[in-house]
Number of protein chains: 2
Amino acid sequence: MTIGIKDVARAAGVSPATVSRVLGNGPVSADLREKVEAAIRATGYRPNLSARRLRSQHTRTIGLVVSDIRNPFFTALSRAVEDAAYKAEMRVILCNTDENPAREAMYLRLMQEERITGLIYAPTRAGSDALEGLSFDFPVVLVDRSGPPSLHDSVVIDNPEASRTLVDHLFAGGRRRIGGLFGNTSSTAVERHRGYVAAMTALGLVPEARFVAPTVEAAAEEAARWLAGPDRPEALIASNGLILLGLYRTARSLGLDVPGDLALAGFDADVWTEIVGPGLTVIEQPVAEIGRTAMALLFERLELPEMAPRKIVLAGRLLVRGSSGTPADLTG
Amino acid sequence: MTIGIKDVARAAGVSPATVSRVLGNGPVSADLREKVEAAIRATGYRPNLSARRLRSQHTRTIGLVVSDIRNPFFTALSRAVEDAAYKAEMRVILCNTDENPAREAMYLRLMQEERITGLIYAPTRAGSDALEGLSFDFPVVLVDRSGPPSLHDSVVIDNPEASRTLVDHLFAGGRRRIGGLFGNTSSTAVERHRGYVAAMTALGLVPEARFVAPTVEAAAEEAARWLAGPDRPEALIASNGLILLGLYRTARSLGLDVPGDLALAGFDADVWTEIVGPGLTVIEQPVAEIGRTAMALLFERLELPEMAPRKIVLAGRLLVRGSSGTPADLTG
DNA sequence: CTGAAAGCGCTTACAG
DNA sequence: CTGAAAGCGCTTACAG
């Protein structure tokens, strides 16, 4: 039916093995190589990757399992991973778990069936807990979210430190009642919460934390309840970009002045944070670098499988913008 | 090495064929089925998809070729496609062309080598032009951007009509000098430009159009030149979400009041358009529906390969927000 | 319903 | 450098 390596071989007057060697840049005389290349052009031959993968036993495939590609953090991460992969002549299989452990487990199984070369993985909390009992036939690099220590390579940012930076910044601006709204599905949110509590305590302030599903809607609803309550906080911290968006949207619909009535800060320098209202103060994560580093760790691991697992901790960067500015009653 | 169908067969005391039938839900007695399933669980067997694809000659794979997944339009499109694909137990291979025809051609070749079941494709202008001379071994559904008529199925929105809606709306708000900033790489931008020119002309106005690379930066720079010029337009239309963002960012950094000094409107209801400044007036595209429809067309085409190509034209929806509001000098 | 056999399209030792 | 042969791990006619 579709034309194969044998057809090319026949057209070039060589054996299939020689065609294969030309394709794989193996040792072939210039003479035959030319004939084969001509035959390939003439026939329009395209190798069958399934056959190649089966026979050669390497798939040159990277798995990428994240919660939702529509979260700008993961959108950017996936582009960084894909760019690195395609440079290495590998492809990537992208999977969205939607923070659903059942979907996550299914995709992990799929990764096995694809016989992927390696996995870059942002586990849900359930997934992260399950890691201890699982073993994979390929190296795994955790990104954004960590798992059991010294089981897999990982690349994360210093979350507690980033939270502390946010709290200290708001404190320096005169805020004392600083609340925190955190996601309830990732280890990252846990760490950010921990850093927040530690920083508040260190300052002699009392932490007020709430947890929600990490979506714009859930965050907006929780914020509405919170901000309508009797004693509104002076400032709110959001543990990721989606939650921050929900927070801001509610503040806006409630007609609150930011930062006058309420200061806002959070994680992820999503594009809208720069152009909205007074600009939102955020911790910018080096997303592209996280992606590139994860790929680099994967390649090194493939070379040296026995190396002890490494944890790369990158730093977030505070971007001070209007949303955390000095409140009117202090300036006026 | 890794455990295969033969190992399962041996463990269950059946032939490999029977194991295969259990896997594929073929006709197997309840008795043997149970034994095989037990053996699968016991051995932790996972089928090898490369082998299965090679042997069965169908890959159950959808190719998705778009310009850049970081464009929220394509982010949402890809989620819709992936959800539909996984429901049909198919996987998807995502490729970003970055509007680069060479990359695009490479990915199209890759799709052939993957022996994909079908392709969902938003071609660059070059790619769209090349379509006439190409033939594929799989059905192709064009999305967002169209190609040569009656060559492939396609699903698009009514772009000229959407542009006209935008122009009429701005006109109704009192604007006369309405400029348009369009992308220079897609057929979609061409159509939007065409509709813009037609609508302006119909109103007896003179079109002022400029073209840029469809990126935030290029749009912002062009807007800076344009708005700093002697006779600033009263309103500007952007042909997609990235260009609109560039426009808004520049208006903001120039200290222009929107809509007082400059009305703004454009395409794509990206999340930031709702919460920024006065809110941006946009044509919302039914992105998820575009994705689902594309998948539906693909499946129908797979069933009836000889059917005449269909073009599905969906409608954009005007979302009126503050950025196109009545200018101050008309109200005051 | 079940099994033995062939074969999907390649790559890779093995000889020469 | 080159070719004949085996085989990657499955599925699928073909018999029974």
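What's counted below: heavy atoms across the whole structure, side chains too, no hydrogens, waters or symmetry copies. Owing to the predicted nature of the structure, the values given are computational and were not obtained by experimental measurement. Proteins get letters first, then strands, A, B, ... in listed order; numbering begins at 1 in each.
Note: OH (A/Y45) to P (C/dG9) measures 10 Å, nearest angstrom. Note: NZ (A/K35) to C1' (D/dC1) measures 13 Å, nearest angstrom. Whole-Å rounding puts the A/R46 CZ to C/dC8 P distance at 21 Å. Separating the CD atom of A/Q112 from the C1' atom of D/dG9 is a distance of 16 Å, rounded to the nearest angstrom. Residue A/L49 contributes atom CG, which lies 15 Å from atom C1' of D/dC8 at whole-angstrom precision. Whole-Å rounding puts the A/R55 CZ to C/dG7 C1' distance at 15 Å. Between the CZ atom of B/R60 and the C1' atom of D/dT11 there is a distance of 15 Å, given to the nearest Å. In this entry the distance linking CG of A/L32 with C1' of D/dG3 reads 11 Å, nearest Å.
A sub-4.0 Å separation between OP1 or OP2 of C/dG9 and a side-chain N or O of B/Q57 is present. When the side-chain nitrogen and oxygen atoms of A/T18 are compared with OP1 and OP2 of D/dT2, none of them lie within a distance under 4.0 Å. Between C/dA4 and B/S15, no contact under 4.0 Å exists linking OP1 or OP2 to a side-chain N or O. Between A/S29 and the phosphate of D/dT2, there is a side-chain N or O to OP1/OP2 separation shorter than 4.0 Å. Close to C/dT11, at under 4.0 Å from its OP1 or OP2, lies a side-chain N or O of A/R52.
More than 12 heavy atoms of other shown residues, nucleotides or ligands fall within 6.0 angstrom of atom CD in B/E113.
Checked for salt-bridge contact, A/E99 and A/R145 meet the test: a charged N lies under 4.0 Å from a carboxylate O. A salt bridge links B/R79 with B/D83: at least one charged nitrogen is closer than 4.0 Å to a carboxylate oxygen. By the 4.0 Å N-to-carboxylate-O rule, A/R91 lies close enough to A/E114 to be salt-bridged with it.
Contacts of residues 21-28 of chain B with DNA chain C (heavy atom under 4.0 Å): B/R21, B/P27, B/V28.
Closest approach of B/T188 to B/D144, counting heavy atoms only: OG1-O, 2.5 Å.
Between A/Y107 and B/Y86, the ring-plane angle classifies as perpendicular under the 30° and 60° cut-offs.
Counting heavy atoms from C-beta on, the side chains of A/T117 and A/H58 never come closer than 4.5 Å.
Of the candidates C/dT12, D/dC10, D/dT2, D/dC10 carries the atom nearest the B/A51 side chain, counting heavy atoms from C-beta on. Picking from D/dG9, D/dA4, D/dT12 the nucleotide with the shortest atom distance to the side chain of B/T2 gives D/dG9.
Across all strands shown, nothing is found opposite C/dA13 as a Watson-Crick or G-U wobble partner with both distances under 3.5 Å. Under the Watson-Crick and G-U wobble criteria, each requiring two contacts below 3.5 Å, nucleotide C/dA4 is left unpaired.
Atom-to-atom distance recorded for B/I93:CD1 and A/I93:CD1 is 7.5 Å, nearest 0.5 angstrom.
Each of B/D31 and B/R115 was matched to the nucleotide of DNA chain C holding its nearest heavy atom; the match closer to the 5' end belongs to B/D31.
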